[in-house]
Amino acid sequence: MTLPRFHAVDPDTLSVHATAVVVDGAALLLCGPSGSGKSGLAAQMIAGGAGLIADDLCLVRRGVPPVVAAPPDAPAAMELRGLGLVPVPLHPAAPLAAVLVLAPSPARLPEPETIPVLGRDVLLLRHPYRFDAAAKMLIWMAAHRPG
């Protein structure tokens, strides 16, 4: 799995093909190619108490840590494969806690990885989209609460 590609919008803002959710005030970017399960994992996490920042396209703004936001024209909805677009309220921007790449993990207990985002190292996680991914990510986010 290749790493997510961030595209410069301006010197302080990047765009990325990803879905972002927020848990306890921290954002998680869900990255992977189309059909990898980004929206499905986000839907499961939202059912478990997370909020939606944006589906399919996100902005990352310079900050300490970087901040994830929806594009100004983002619909308050998400695509649920097989069901269509479903209204979902968008959560305001939130500090980025980690980037999750929907791909097999390199090890059962992987060494910590980071990815540079706007000059900051952000935690990089790898996990395939499968039945337990949402529960694992909600537990991981609760354990890595900022502050």
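The chain is numbered in sequence order, starting from 1. Predicted, not measured: the structure shown is a model, and the values here were computed from it.
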Enquirer: Nearest heavy-atom pair of Tyr129 and Gly37: which atoms, and what distance?
Expert: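 Where Tyr129 meets Gly37 most closely, the heavy atoms are CD2-CA, 3.7 Å.
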Enquirer: Leu118 pairs by side chain to side chain contact (heavy atoms under 4.5 Å, CB included) with which of Leu96, Val64, Val60?
Expert: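 Single pass found, and it is Val60.
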Enquirer: Answer yes or no: is there a donor N or O on one side and an acceptor on the other, between the side chain of Arg126 and the main chain of Glu113, under 3.5 Å?
Expert: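 No, because the side chain of Arg126 does not come within donor-acceptor range (under 3.5 Å) of the backbone of Glu113.
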Enquirer: Would the distance check show the side chain of Thr13 and the main-chain N or O of Asp10 forming a donor-acceptor pair, the cut-off being under 3.5 Å?
Expert: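 No, because the side chain of Thr13 does not come within donor-acceptor range (under 3.5 Å) of the backbone of Asp10.
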Enquirer: Among His17, Met78, Glu79, find the residue that satisfies the side chain to side chain contact (heavy atoms under 4.5 Å, CB included) test when tested with Asp56.
Expert: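 With Asp56 as partner, side chain to side chain contact (heavy atoms under 4.5 Å, CB included) holds for just one option, His17.
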Enquirer: Measuring from atom CZ of Arg120 to atom OG1 of Thr114, what distance do you get when rounded to the nearest 0.5 angstrom?
Expert: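 Reported value, rounded in 0.5 Å steps: 13.0 Å.
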Enquirer: Working to the nearest 0.5 angstrom, can you tell me the gap between Leu124 CG and Ile115 CD1?
Expert: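 Leu124 CG to Ile115 CD1: 5.5 Å, rounded to 0.5 Å.
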Enquirer: Do Leu28 and Met141 pass the side-chain contact (heavy atoms from CB on, under 4.5 Å) test, and can you show the C-alpha distance, the side-chain angles, and the key distance before you say yes or no?
Expert: CA-CA 8 Å; Leu28 175 67; Met141 291 292 287; 4.0 Å; yes
Enquirer: To the nearest 0.5 Å, tell me how far Lys136 NZ sits from Ser105 OG.
Expert: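 Reported to 0.5 Å precision, the distance equals 8.5 Å.
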Enquirer: Test side-chain contact (heavy atoms from CB on, under 4.5 Å) on Leu100 and His127; report intermediate values, then the result.
Expert: CA-CA 7 Å; Leu100 172 64; His127 194 283; 3.9 Å; yes
Enquirer: For a quick test of reading the model, state the closest non-hydrogen atom pair linking Pro65 to Pro95 and the distance between them.
Expert: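 Shortest heavy-atom contact: CG-CB, 3.6 Å.
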Enquirer: Treat each ILVMFWY residue as a node, draw an edge where side-chain heavy atoms are under 4.5 Å apart, and state whether Leu83 and Val88 are in one component.
Expert: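 Per the 4.5 Å side-chain linkage, Leu83 and Val88 are co-clustered.
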Enquirer: According to a hydrophobic-cluster definition based on side-chain heavy atoms being under 4.5 Å apart (Ile, Leu, Val, Met, Phe, Trp, Tyr only), do Val21 and Leu85 belong together?
Expert: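 Val21 does not cluster with Leu85.
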Enquirer: Would you name the heavy atoms of Ala50 and Val23 that are closest together and state the gap between them?
Expert: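 Looks like CB-CG2, 3.7 Å.
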Enquirer: Okay, side chain of Lys38, backbone of Leu29: is any donor-acceptor separation there less than 3.5 Å?
Expert: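 No, the answer is negative, given that no donor and acceptor are paired below the 3.5 Å cut-off.
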Enquirer: Would Val16 and Leu57 count as a side-chain contact (heavy atoms from CB on, under 4.5 Å) if you check the C-alpha gap in whole Å, the side-chain angles of each, and the deciding distance to 0.1 Å?
Expert: CA-CA 6 Å; Val16 61; Leu57 182 66; over 6 Å; no
Enquirer: Give me the atom names and distance for the closest heavy-atom approach of Pro116 to Asp121.
Expert: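 Distance-wise, the nearest heavy atoms are CA-OD1, 4.1 Å.
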Enquirer: Would Thr19 and Cys58 satisfy side-chain contact (heavy atoms from CB on, under 4.5 Å), going step by step from the backbone distance to the final call?
Expert: CA-CA 7 Å; Thr19 295; Cys58 299; 5.6 Å; no
Enquirer: If you link ILVMFWY side chains whenever their heavy atoms are less than 4.5 Å apart, which other residues fall into the same cluster as Val9? By chain and number, please.
Expert: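 Once heavy-atom contacts under 4.5 Å are chained together, Val9 belongs with Leu59.
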Enquirer: Taking the side chain as every heavy atom from C-beta outward, state whether Ile53 and Pro92 have any atom pair closer than 4.5 Å.
Expert: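 They are not in contact (no side-chain heavy atoms under 4.5 Å apart), so the answer is no.
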Enquirer: Considering only heavy atoms from C-beta outward, does the side chain of His7 approach that of Ser15 to under 4.5 Å?
Expert: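 In contact.
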Enquirer: Kindly give the cluster partners of Val67, where membership spreads through any ILVMFWY side chain lying under 4.5 Å from a current member.
Expert: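 Taking Ile, Leu, Val, Met, Phe, Trp and Tyr as members, Val67 stands alone, with no cluster partners.
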Enquirer: Let me check something: do Val122 and Leu3 share a hydrophobic cluster, defined by ILVMFWY side-chain heavy atoms less than 4.5 Å apart, either directly or through other members?
Expert: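 Linked, Val122 and Leu3 end up in one cluster.
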Enquirer: What heavy-atom pair brings Gly51 and Ile46 nearest, and what distance separates the two atoms?
Expert: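 Closest approach of Gly51 to Ile46, heavy atoms only: C-CG1, 4.2 Å.
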Enquirer: Could you check whether any side-chain heavy atom of Val99 comes within less than 4.5 Å of a side-chain heavy atom of Leu125, counting everything from C-beta outward?
Expert: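 No, too far: nothing below the 4.5 Å cut-off.
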Enquirer: To the closest 0.5 Å, what do you measure between CE (Met45) and CG (Leu52)?
Expert: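 With rounding to 0.5 Å, CE (Met45) is 11.0 Å from CG (Leu52).
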Enquirer: Tell me the closest heavy-atom pair linking Val68 and Ala20, and the distance in Å.
Expert: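 Result for this residue pair: CG1-CB, 3.6 Å.
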